[in-house]
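Structure record follows, encoded as structure tokens.
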Amino acid sequence: MLQSTNRSKLTCELLPQKQTKKCPTLQERGIKSNAAQILVKTFNHTKDVKKADDILRKRIKDGDSQATFLLGQLYFEEECYEVALETFNKIKDTDFQALYQLGVMYYDGLGTKEDSAKGVEYMKRIINSDDPHAQHLKFAAYYNMGRASFEGFGMQQSDTEAERLWLLAADDGNPKASVKAQSTLGMFYCRPESQDLQKAFFWHSEACGNGSLESQGALGLLYLTGQGIRKDVQSALECLKAASRRGNVYAQGHLVACLYSRKLYNNTVELAQRVAQYDNIPLIAKETDCLPSYIVKGIALAAFYYGRCLQLGLGTDQDQVEARTYYCRAINMDRDIAADLHFQVIMESI
């Protein structure tokens with residue numbers, strides 16, 4: 001069950017920071033953008049948006065050139081997209097960060113009617129600009145253009161062009177380039193249509209080294225299955241455990257499977273029971289920047305293995321009724337994964 005990407009899964013690149021940092025753990029995540037960090041320092045960590053609004057509007061009146069963007073970003077991060085859109089539109093011709101955010105908003109229909117062509121147009125303006133203030137946004141803009149080409153929205157659909165644009169965005173694994181593009185290339189090369197598992201391993205390795213939580217989990221699976229690299233169970237477990245600690249639910253599901261296969265049933269139950277309870281998938285996806293479809297798969301894996309432990313009384317008290325509940329949860333989360341695991345039960349391999 002290697003991670004690959006299809007045309008319904010990708011998301012836009014978040015507004016890049018001028019200095020790239022390693023991904024923090026899920027517990028350490030909080031404010032994620034430069035704009036938000038500035039706001040936190042300015043407002044002494046207050047969460048009072050009204051107070052932030054008042055202070056920023058005063059700064060705008062005082063002639064602060066950054067305050068208008070910060071006001072728009074404040075409302076963007078609060079998901080008040082209509083206000084953010086109006087604010088960014090005021091400065092889109094003089095502020096490339098505002099232009100970038102507008103491109104994302106028009107492409108995804110945030111606070112406005114979806115207009116993928118306009119989203120692509122704004123990304124092209126960033127890519128084609130010689131202004132130094134646009135430079136740190138270009139890799140992310142290339143990634144988003146690749147997404148548009150891959151999906152065929154706002155520009156002609158072309159896997160070849162998407163690959164070319166993502167390679168530009170990934171910049172040979174440069175940590176200051178688009179790490180999201182590096183991870184996406186890893187998934188792109190896992191697809192049957194464009195499969196090259198050695199390239200998949202290379203790009204997931206680069207993305208993982210640059211902080212990608214998604215790729216850290218994918219690397220664990222590549223090591224576990226020996227695809228694109230020599231099979232290495234120890235390295236697989238290290239990757240899956242590290243990714244699990246940071247909140248990668250797909251990695252957590254596969255770690256549950258690994259623990260079960262090693263007959264560590266108490267550990268299996270402890271992790272599987274926790275993961276099987278996850279329900280706010282959009283929030284998890286936002287916090288971890290992992291694909292929702294794979295979060296669902298991770299929950300399905302955990303629910304099925306927990307059900308199996310309950311059915312057989314492994315690491316927990318036997319409870320047939322509760323076991324059926326978790327088997328049903330696995331089916332509701334991902335029918336294909338549940339069917340595959342059920343077949344393994346019939347074959348007595350789990």
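Fair warning: this is a prediction, and the values are worked out from it, not measured in the lab. Residue numbers run from 1 in the order of the sequence given.
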Does [X] pair with [Y] as a salt bridge, N-O distance under 4.0 Å?
X: Lys58; Y: Asp54; answer: no
X: Asp171; Y: Lys138; answer: no
X: Glu121; Y: Lys124; answer: no
X: Arg125; Y: Asp93; answer: yes

Inset, instruction - Say whether, by atom type as modelled, one donor and one acceptor occur between the side chain of Gln195 and the main chain of Tyr189 under 3.5 angstrom. - result: no
Inset, instruction - Please indicate whether Gln344 has more than 12 foreign heavy atoms, meaning atoms of other residues, nucleotides or ligands, lying under 6.0 Å from its CD. - result: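 Enclosed.
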Legend entry - More than 12 heavy atoms of other groups within 6.0 Å of Glu163 CD: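 Yes, the 6.0 Å shell around CD holds more than 12 heavy atoms from other groups.
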Can you measure from [atom1] ([X]) to [atom2] ([Y]) and round to the nearest 0.5 angstrom?
X: Cys309; Y: Leu259; atom1: SG; atom2: CG; result: 10.0 Å
X: Ser178; Y: Leu167; atom1: OG; atom2: CG; result: 11.5 Å
X: Asn210; Y: Gln182; atom1: CG; atom2: CD; result: 5.0 Å

Should the ring pair [X] and [Y] be called parallel, tilted or perpendicular, given that the plane angle runs from 0 to 90° and is split at 30 and 60?
X: Tyr327; Y: Phe304; value: tilted
X: Trp166; Y: Phe150; value: tilted
X: Phe76; Y: Phe88; value: tilted

Inset, instruction - Return the minimal non-hydrogen interatomic distance between Cys12 and Arg147, and the atom names on each side. - result: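 That would be SG-NH1, 2.9 Å.
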